[in-house]
Amino acid sequence: MRRGAHQVLLLDAGGLLVQNAAMATERPGEVAARTEFVAKVYAQLGYTAVNVGPHELAAGLADLRRFGKLAKVQLLSANLRDAKTNGPAFDRYLLRQVGPLKVAVIGVVTGAMAERGRLVHDQGLTVQEPLEVLQELVPELRKQGADVVVLLSQLRRAEIETL
């Protein structure tokens, strides 16, 4: 696509870095090795953004942020918050001109993530309800000129149906 002079956004909805986010069953060093490998591949392919979900959080915030820098990607989550500051834990969205379109990309994680103490609370995070966040953010992005809004989600089926 890029060789044909097409403008492309490579995006990842999340779920790749740790195989089983609910259980810490990875062998020592396995997550770090996978994170570094995936980061190198994403950097080489030119990925733009990754949605932060449970599989990314299971790597730990320090390794996740290192992954973002190595991969040269924006880590997105509109509804993960820093518990200390109540500010966004990651970039809430990406707004980029792609050819004739202004494209907004939003990442969200299930509100049920709040139940996962090790992945959320133990890392100093809180989770806002995704629907509330999207009801606020989508009109804001439309006002900023977004022609297309792309949602990268780590939502449960019921949440998707509600959307």
Side-chain angles (χ1 to χ4, degrees), residues 1-22 26-82 85 87-110 113 116 119-120 123-125 127-128 130 133-134 136-156 159-160 163:
M1 292 291 293
R2 288 190 174 129
R3 283 188 204 135
H6 298 286
Q7 293 187 353
V8 177
L9 284 180
L10 289 177
L11 307 168
D12 181 348
L16 183 64
L17 294 184
V18 176
Q19 291 178 351
N20 189 339
E26 306 278 349
R27 293 183 302 226
E30 189 172 345
V31 171
R34 183 180 312 111
T35 299
E36 187 170 329
F37 173 75
V38 173
K40 288 177 181 177
V41 170
Y42 279 21
Q44 186 173 5
L45 293 175
Y47 267 73
T48 303
V50 174
N51 181 37
V52 177
H55 295 272
E56 289 70 36
L57 291 174
L61 287 180
D63 283 339
L64 178 56
R65 293 191 197 291
R66 188 171 70 82
F67 164 79
K69 287 180 183 171
L70 284 172
K72 300 175 186 164
V73 296
Q74 244 181 288
L75 298 173
L76 298 177
S77 181
N79 66 325
L80 282 172
R81 311 286 289 176
D82 181 310
T85 65
F90 302 94
D91 291 331
R92 295 181 70 213
Y93 61 87
L94 163 77
L95 191 57
R96 178 90 41 99
Q97 192 72 35
V98 181
L101 299 174
K102 195 167 194 179
V103 178
V105 181
I106 306 171
V108 293
V109 66
T110 179
M113 276 290 298
R116 299 189 181 182
L119 299 178
V120 178
Q123 296 194 79
L125 302 172
V127 183
Q128 289 182 287
V133 170
L134 292 170
E136 170 197 323
L137 193 53
V138 171
E140 180 183 317
L141 292 168
R142 292 286 190 201
K143 285 180 186 175
Q144 291 184 46
D147 299 304
V148 176
V149 177
V150 176
L151 178 64
L152 303 177
S153 87
Q154 293 273 327
L155 299 177
R156 293 183 172 181
E159 292 168 314
I160 293 170
L163 286 177

Drop me the distance from [X]'s [atom1] to [Y]'s [atom2], to the nearest 0.5 angstrom.
X: D63; Y: R34; atom1: CG; atom2: CZ; value: 12.0 Å
X: L94; Y: L9; atom1: CG; atom2: CG; value: 6.5 Å
X: T35; Y: K40; atom1: OG1; atom2: NZ; value: 12.0 Å
X: L125; Y: L80; atom1: CG; atom2: CG; value: 6.0 Å
X: T48; Y: L45; atom1: OG1; atom2: CG; value: 11.0 Å
X: L151; Y: L11; atom1: CG; atom2: CG; value: 11.0 Å

* Apply salt bridge (charged side-chain N to carboxylate O under 4.0 Å, His left out) to R142 and list each qualifying residue two or more places apart in sequence or on a separate chain. => none

* What residues, two or more places apart in sequence or in another chain, satisfy salt bridge (charged side-chain N to carboxylate O under 4.0 Å, His left out) together with R92? -> E136

* Non-neighbouring partners of E159 that pass side-chain hydrogen bond (donor to acceptor under 3.5 Å, both in side chains), sequence neighbours left out -> T110

[X] side chain vs [Y] backbone, donor-acceptor pair below 3.5 Å:
X: Q123; Y: L61; value: yes
X: Q154; Y: G14; value: yes
X: N51; Y: V108; value: yes
X: D147; Y: K102; value: yes
X: E56; Y: G53; value: yes
X: Q97; Y: G99; value: yes

* **Trace of the side-chain contact (heavy atoms from CB on, under 4.5 Å) decision for L95 with Q144** => CA-CA 9 Å; L95 191 57; Q144 291 184 46; 3.4 Å; yes

* To do: Indicate yes or no: at least one non-hydrogen side-chain atom of P54 is less than 4.5 angstrom from one of V109.
  => yes

* Asked: Can you tell if the side chain of V138 reaches within under 4.5 Å of the side chain of I106, non-hydrogen atoms only?
  -> yes

For the residue pair [X] and [Y], what are the closest heavy atoms and their distance?
X: A39; Y: L70; result: CB-CB, 3.6 Å
X: Y42; Y: A71; result: CB-CB, 3.9 Å
X: R65; Y: L75; result: CA-CD1, 4.2 Å
X: F90; Y: L76; result: CB-C, 4.3 Å
X: A13; Y: L152; result: CA-CB, 4.1 Å
X: L155; Y: P130; result: CD2-CG, 3.6 Å

* Walk me through it: do V105 and Y93 pass the test side-chain contact (heavy atoms from CB on, under 4.5 Å)? => CA-CA 6 Å; V105 181; Y93 61 87; over 6 Å; no

* Yes or no on side-chain contact (heavy atoms from CB on, under 4.5 Å) for V103 and V150, after CA distance, side-chain angles and deciding distance? -> CA-CA 7 Å; V103 178; V150 176; 4.1 Å; yes

* Check whether the side chains of D12 and Y47 place a donor and an acceptor atom closer than 3.5 Å, and report yes or no. => no

